[in-house]
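Written out below as structure tokens is the structure these notes cover.
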Amino acid sequence: AEGLTTERDKVILDSICTQGDELNEDANVEGKWSYIKEFLLNASQPCEDMISHCRFGMEKINCDKIFSSVLTDEGLCCTFNAIHPRLMFNDFDLQDHVDDELEEDVKYTTWRPEEGYIKDDRVPYPRPVPGSGSNMGLTLLLNADVANYYCSSTNSLGFKILLHSPIETPKMANFGFFVTTGLETKVVITPKISEASELIRNIPIRQRQCIFANEANLSYYSIYSKKNCEMECTSKITEDECGCTLYYMPRKFNNGSKICNRKKATCYESVLYNIARSMDEKYS
């Protein structure tokens, strides 16, 4: 933060770190995704600095090979085993995303939420765990870089972690769990699998209250899931109500969608609150 030299970066920093509405914001900052992207990349701790050692399935791996940067509602995070954005989003443009190394990442997937893994000559991706137990899982050594903290979304030091589907945008703010510094932490995953028989396709969707992925299309995401549908719906409502979307939300990147700044906080916080509470029928 002390090294920021441009007035624009200082304004963006102020808008991120200040919770009040009395902000002296430059009107040129609002709506410019290129400014926000540049700031996040310059101000955030790079994944290669945050994650210093990685092991997956007993094998030591270069962390750069298995982690990439991703936008979340907590800023820039590091993701493992998420599918390539080119496969996740419609109308994907590399300029709209935050990881310049993406072109060298995995561009294919051998897995679908409903079908599971398909037989393919390529290396399976997302990477399947080779076995159960902590030795076969993912082990990381993390560096919190506490000396460079300036402001934080929480009142603590450390990390926020979320387990999520490879096809979905992580919602860190409300659903991530905390890992503090200086401790070894073990995260146990106990999956619950729900399966639907193909026979229920004969029952009308409204009656069965669920859909198969190929029965619905989304505007922004290329793969349907309930959470992707909710995230897309939230983005569209925010744009309709506030005239902008939050920087981490999916949007039509080439149609001039504006990015909300803190001047719009009263509007977008109200929308997000009403959606979460389902108080307004139009947000249900």
Side-chain angles (χ1 to χ4, degrees), residues 68 70-73 79-94 96-97 102 105-129 162-175 189-241 245-246 248-255 257 271-272 274-284:
S68 57
V70 62
L71 276 179
T72 77
D73 51 2
T79 184
F80 167 74
N81 250 6
I83 69 169
H84 195 284
R86 190 180 298 284
L87 303 177
M88 187 182 298
F89 297 104
N90 297 319
D91 304 321
F92 172 80
D93 185 340
L94 192 62
D96 297 319
H97 292 269
L102 278 175
D105 285 358
V106 176
K107 299 188 187 70
Y108 63 86
T109 175
T110 60
W111 171 86
R112 283 286 187 275
E114 290 180 2
E115 293 85 10
Y117 283 95
I118 59 174
K119 290 184 178 180
D120 197 295
D121 294 334
R122 296 171 294 185
V123 176
Y125 191 86
R127 299 167 182 83
V129 65
L162 179 70
L163 306 174
H164 64 94
S165 168
I167 64 166
E168 294 169 350
T169 300
K171 297 185 72 175
M172 299 293 300
N174 287 325
F175 300 104
I189 302 172
T190 306
K192 293 181 180 179
I193 301 173
S194 300
E195 294 184 339
S197 167
E198 286 287 321
L199 294 174
I200 70 170
R201 286 182 182 269
N202 298 323
I203 302 173
I205 291 175
R206 186 174 294 275
Q207 188 176 342
R208 62 173 131 105
Q209 292 289 296
C210 65
I211 65 172
F212 291 89
N214 63 0
E215 292 178 323
N217 293 316
L218 297 175
S219 302
Y220 306 150
Y221 290 97
S222 57
I223 302 175
Y224 181 89
S225 77
K226 182 173 183 285
K227 288 183 178 179
N228 283 352
C229 180
E230 289 172 345
M231 177 68 88
E232 181 169 303
C233 187
T234 299
S235 176
K236 289 181 176 179
I237 292 174
T238 304
E239 184 156 26
D240 288 345
E241 296 286 323
T245 60
L246 291 166
Y248 62 86
M249 291 178 174
R251 57 193 180 277
K252 284 291 185 185
F253 294 105
N254 54 7
N255 77 342
S257 293
V271 168
L272 296 177
N274 286 330
I275 291 174
R277 291 287 301 274
S278 297
M279 294 177 68
D280 193 320
E281 191 61 34
K282 68 180 177 178
Y283 297 154
S284 66

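With a 4.5 Å cut-off on side-chain heavy atoms, Y108 and V123 count as touching. With a 4.5 Å cut-off on side-chain heavy atoms, K227 and M231 do not count as touching. The shortest side-chain heavy-atom distance between T238 and R251 does not fall under the 4.5 Å cut-off.
Without hydrogens or angle criteria, T245 side chain to E239 main chain gives no donor-acceptor distance under 3.5 Å. With E114 contributing its side chain and A213 its backbone, the two residues share a donor-acceptor pair below 3.5 Å.
In the displayed structure, R112 atom CZ is contacted under 6.0 Å by at most 12 heavy atoms of other residues, nucleotides or ligands. The number of heavy atoms from other shown groups lying within 6.0 Å of CG (N217) does not exceed 12.
One finds the CG atom of L246 at 6.0 Å from the CG atom of L272 (value rounded to the nearest 0.5 Å). For the atom pair CG of N90 and CG of L218, the computed distance is 8.0 Å after rounding to the nearest 0.5 Å.
Of all heavy-atom pairs spanning Y125 and A82, the tightest one is OH-O, 2.8 Å. Taking each heavy atom of E232 and P250 in turn, the nearest pair found is CA-CG, 4.3 Å. Annotation for T109 and P126: closest pair OG1-CD, 3.6 Å, computed over non-hydrogen atoms. Among all heavy-atom pairs drawn from P124 and T110, the shortest one is CA-OG1, 3.3 Å. The two residues S219 and K236 come nearest to each other via the heavy atoms OG-NZ, 2.8 Å.
Using the six-membered ring where Trp is involved, Y117 and W111 have ring planes that are tilted, between 30° and 60° apart.
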Please report, to 0.1 Å, the donor-acceptor pairs under 3.5 Å made by any side chain of residues 167-174, with sequence neighbours excluded.
from : atom 1 : to   : atom 2 : distance (Å)
E168 : OE2    : S225 : OG     : 2.9
T169 : OG1    : Y221 : OH     : 2.7

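A side-chain hydrogen bond (donor to acceptor under 3.5 Å, both in side chains) check over residues 203-212, counting only residues at least two apart or in different chains, returns the pairs R208-E215.
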